[in-house]
Undergrad: 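What follows is a single structure, and I will ask about it in a moment.
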Amino acid sequence: MKKLLNRSLKPMLIYALLVSVGSIPVYFLIIDFIWLRELDKHHYGIKRKLENRIDALSLPDSTVQQTVSILNRTEPGFTLTAVGASRPDSLYTLIRFDPFLQDREQFRCLVTSIRINNRPYRLLIETNMEEIDETVLAIAGVSLAFFVLLLGGFVFLNRRLARKIWQPFYASLGQLKEFNLQRDQTVAFAKTDILEFAELNDSLRQLIARNIAIYQQQKEFAENASHELQTPLAVVQSKLDLLLQNENLTARQGEQIELANRALARVSRINKNLLLLARLENQQFADRERVDLSQLVTDQLELLADFLENSQLTLTTAIQPGIEVEGNRLLIEIAVTNLLFNAIRHSPETGKISVRLANRQFTVANSGSPALNPDNLFKRFSTVSAKTPSSGLGLAIVREISNRYGWSITYTFTDGQHIFALAV
């Protein structure tokens, strides 16, 4: 990704380059026009001076012929020739070989007529000019030098001005990056005299305040609702247990009560998980201690041994001893248990489960297919599998605990196995 300032700088540099390149022929045409005009003026000046000076001498015809012959031999780029009649002036540019310079040169020429002792003479004046390629190269070199200077100035000014002008924006961006809704903190944006950034900060401040208020309301509602549901759920549970002990129940009634009991147990688990999430978000597990993760995983596997055997699941373990983590023991136990129960619940009959702990990474893998959607996997109330429906809160709790301690939880699907890796 590119920065906004670099995006604006690139078109400016391209535009400057196009202008610099386009200016080369313009410079050449202007310089060539001025140069030709000045040379033509110079040639006509030579013509007038020559006429005036020869007329002032009042030379006889024989002497005039000698003078013309001397001028033709001594003056470079100058030729006088006697003609029968005057002709219109001619101006042109010529490229020819110069025997004196031993190279092809460009000349500006004037062919005109003058009168000496009332006789017409043809006057040819030639002046060596700068060659076209040399002129173009010189202009291109100067334009390139100024473009490089312009480029360096653009980059320097862009960085210097950006550091000052955009400082409020980057300060606000840094505040947003550090903001965490769960930390119950406020954001204090720095004051700025730039209108756009001031309006942006005001809008962000209002947006964050609204979201904090809504988040607090949701937390309070979840916690209060979970607390209030505990008592009626316990009452309903006890009443169902009493009904099951009634000797006059029919088989059909017993089945209906059992189904209701299972649904109630699921609601009770959801309620407990929601209450646990609310307590996590409210930072109610502040106690921290050194926990032997290796021993904790071993103990949980021993508790689940009978259940795994009854489920006809094959378990393989590789637990590296002596791995310790720092945190609340209850939360760490919940995270480990939820990952194990998730693998058991979503494994097919006679499936395989692999549990490994090594290099501070706890991995639980279970056989099954197809691959799960990682985008919804750790969201609350997301359905992982249609065959084994659950509340969808177990993995959400694992992620919440991981975020609390700076751990990471990842999911991959490889060789027909769902693999959950908790890096501690």
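Scope of the values below: all heavy atoms of this structure, side chains included, with no hydrogens, waters or symmetry mates. Sequential numbering from 1 along the given sequence is applied to the chain's residues.
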Undergrad: Under 3.5 Å, side chain of Asp32 to main-chain N/O of Phe28, donor-acceptor pair present?
TA: no
Undergrad: Taking C-beta and beyond as the side chain, do Thr93 and Phe107 meet within less than 4.5 Å on heavy atoms?
TA: no
Undergrad: For the pair Glu38 and Arg108, find out whether any cationic side-chain nitrogen is under 4.0 Å from an anionic carboxylate oxygen.
TA: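 Salt bridge flag = no for Arg108 with Glu38.
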Undergrad: Start with the C-alpha distance between Phe78 and Asn72, add both sets of side-chain angles, then the distance that settles side-chain contact (heavy atoms from CB on, under 4.5 Å), and finish with yes or no.
TA: CA-CA 6 Å; Phe78 183 91; Asn72 287 336; 4.3 Å; yes
Undergrad: Test side-chain contact (heavy atoms from CB on, under 4.5 Å) on Leu339 and Phe362 and set out the steps.
TA: CA-CA 10 Å; Leu339 287 176; Phe362 176 57; 3.9 Å; yes
Undergrad: Can Asp89 and Tyr44 be said to form a side chain to side chain donor-acceptor pair (under 3.5 Å), step by step?
TA: CA-CA 10 Å; Asp89 293 351; Tyr44 277 107; 3.1 Å; yes
Undergrad: Could you pull out the closest heavy-atom pair between Asn366 and His346, with the gap in Å?
TA: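 Heavy atoms only, the tightest pair is ND2-O, 3.5 Å.
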Undergrad: Quick check on Asp415: does its CG atom have over 12 non-hydrogen neighbours (other residues, nucleotides or ligands) under 6.0 Å away?
TA: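 Atom CG in Asp415 is not packed in, count stays at 12 or less.
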Undergrad: A side-chain contact here means heavy atoms from C-beta on lying under 4.5 Å apart; do Thr410 and Phe420 qualify?
TA: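 Thr410 does not reach Phe420 side chain to side chain.
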Undergrad: For Arg290, I'd like to know if atom CZ has over 12 heavy atoms of other residues, nucleotides or ligands within 6.0 Å.
TA: yes
Undergrad: To the nearest 0.5 Å, how far apart are CZ in Arg73 and OG1 in Thr79?
TA: 13.0 Å
Undergrad: Please report the closest heavy-atom contact between Ile323 and Arg360, naming both atoms and the distance.
TA: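 Smallest interatomic distance, heavy atoms only, reads CD1-N, 4.0 Å.
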Undergrad: Drop me the distance from Ile214's CD1 to Ile212's CD1, to the nearest 0.5 angstrom.
TA: 11.0 Å
Undergrad: If you compare all heavy atoms of Leu124 against all heavy atoms of Cys109, which two are closest, and at what distance to 0.1 Å?
TA: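 Looking at all heavy atoms of both residues, the shortest contact is CD1-CB, 4.4 Å.
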Undergrad: Does any part of the side chain of Glu324, heavy atoms only, come nearer than 4.5 Å to the side chain of Leu293, both counted from C-beta?
TA: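 No - every pair of side-chain heavy atoms lies 4.5 Å or more apart.
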Undergrad: Got Trp407 and Leu422 here, is their nearest side-chain heavy-atom distance under 4.5 Å?
TA: yes
Undergrad: Closest approach of Ala365 and Gln417, non-hydrogen atoms and distance?
TA: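 Ala365 and Gln417 have their closest heavy atoms at CB-OE1, 4.2 Å.
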Undergrad: Can a donor-acceptor pair be found, under 3.5 Å and without considering hydrogens, that links the side chain of Thr192 to the backbone of Ile194?
TA: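 Side chain of Thr192 to backbone of Ile194, a donor-acceptor pair under 3.5 Å: yes, one is there.
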Undergrad: Apply side chain to side chain donor-acceptor pair (under 3.5 Å) to residues Gln312 and Thr350 and explain how you reach the verdict.
TA: CA-CA 5 Å; Gln312 298 181 347; Thr350 67; over 6 Å; no
Undergrad: Are more than 12 heavy atoms from other residues, nucleotides or ligands located less than 6.0 Å from atom CZ of Arg96?
TA: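 Yes, enclosed.
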Undergrad: Hey, could you give me the OG/CG distance between Ser172 and Asn201, rounded to the nearest 0.5 Å?
TA: 3.5 Å
Undergrad: Checking Ser20 against Leu144 for the side-chain contact (heavy atoms from CB on, under 4.5 Å) test, could you report, in this order, the C-alpha distance in whole Å, the side-chain angles of both residues, the deciding distance, and whether it holds?
TA: CA-CA 7 Å; Ser20 299; Leu144 179 61; over 6 Å; no
Undergrad: Please name the pair of heavy atoms, one in Arg122 and one in Val111, separated by the smallest distance, quoted to 0.1 Å.
TA: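 It is NE-CG1, 3.7 Å.
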Undergrad: Any side-chain heavy atom of Glu289 within less than 4.5 Å of one from Glu326?
TA: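 A side-chain contact is absent here, since even the closest heavy-atom pair is not under 4.5 Å.
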Undergrad: Before giving the answer on side-chain contact (heavy atoms from CB on, under 4.5 Å), spell out for Glu400 and Ser402 the whole-Å C-alpha distance, their side-chain angles and the decisive distance to 0.1 Å.
TA: CA-CA 5 Å; Glu400 193 70 31; Ser402 300; over 6 Å; no
Undergrad: For a quick test of reading the model, state the closest non-hydrogen atom pair linking Ser347 to Leu313 and the distance between them.
TA: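 In this case the closest contact between Ser347 and Leu313 is CB-CD2, 4.0 Å.
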Undergrad: Take a 6.0 Å sphere around CZ of Phe33 and say whether it holds more than 12 heavy atoms from other residues, nucleotides or ligands.
TA: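 Incorrect, the count does not exceed 12.
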Undergrad: Could you tell me the separation between the CZ atom of Phe169 and the CD atom of Glu196, rounded to the nearest 0.5 Å?
TA: 13.0 Å
Undergrad: Please confirm whether the backbone N or O of Val398 pairs with a side-chain atom of Asn338, one donor and one acceptor, at under 3.5 Å?
TA: no
Undergrad: Indicate yes or no: does Asp202 engage Arg205 in a salt bridge with an N to O separation below 4.0 Å.
TA: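 Salt bridge between Asp202 and Arg205, a charged N being under 4.0 Å from a carboxylate O: yes.
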Undergrad: Using side chain to side chain donor-acceptor pair (under 3.5 Å), reason through Lys47 and Thr112 one step at a time and then give a plain yes or no.
TA: CA-CA 8 Å; Lys47 170 190 173 182; Thr112 186; 3.0 Å; yes
Undergrad: So Asp40 and Leu110, do their side chains get closer than 4.5 Å, heavy atoms only?
TA: no
Undergrad: Evaluate the side-chain proximity of Tyr405 to Asn328: yes if any heavy-atom separation is below 4.5 Å, no if none is.
TA: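 Yes, their side chains come closer than 4.5 Å.
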Undergrad: Check the pair His42, Thr127 against side chain to side chain donor-acceptor pair (under 3.5 Å), reporting the backbone distance first and the verdict last.
TA: CA-CA 10 Å; His42 175 67; Thr127 302; 5.2 Å; no
Undergrad: Please enumerate all residues that pass side-chain contact (heavy atoms from CB on, under 4.5 Å) together with Leu207, with sequence neighbours excluded.
TA: Arg210, Asn211
Undergrad: Can you tell me if CZ on Arg115 sees more than 12 non-hydrogen neighbours from other groups inside 6.0 Å?
TA: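 It does: Arg115 CZ has more than 12 such atoms within range.
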Undergrad: Looking at Val355, Thr337, Leu340, which hits side chain to side chain contact (heavy atoms under 4.5 Å, CB included) with Leu304?
TA: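 Of Val355, Thr337, Leu340, side chain to side chain contact (heavy atoms under 4.5 Å, CB included) with Leu304 is met by Leu340 alone.
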Undergrad: What distance do Thr67 atom OG1 and Leu59 atom CG have between them, rounded to the nearest 0.5 Å?
TA: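 Taking OG1 in Thr67 and CG in Leu59, the distance rounds to 5.0 Å.
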Undergrad: Does any part of the side chain of Tyr92, heavy atoms only, come nearer than 4.5 Å to the side chain of Ser90, both counted from C-beta?
TA: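 Yes, side chains in contact.
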Undergrad: Between atom OH of Tyr121 and atom CD of Glu51, what is the distance when rounded to the nearest 0.5 Å?
TA: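 Answer rounded to 0.5 Å: 12.5 Å.
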Undergrad: Without swapping roles, check the side chain of Asn117 against the backbone of Arg119 for a donor-acceptor pair under 3.5 Å.
TA: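 Flag not set: sc Asn117 to bb Arg119 has no pair under 3.5 Å.
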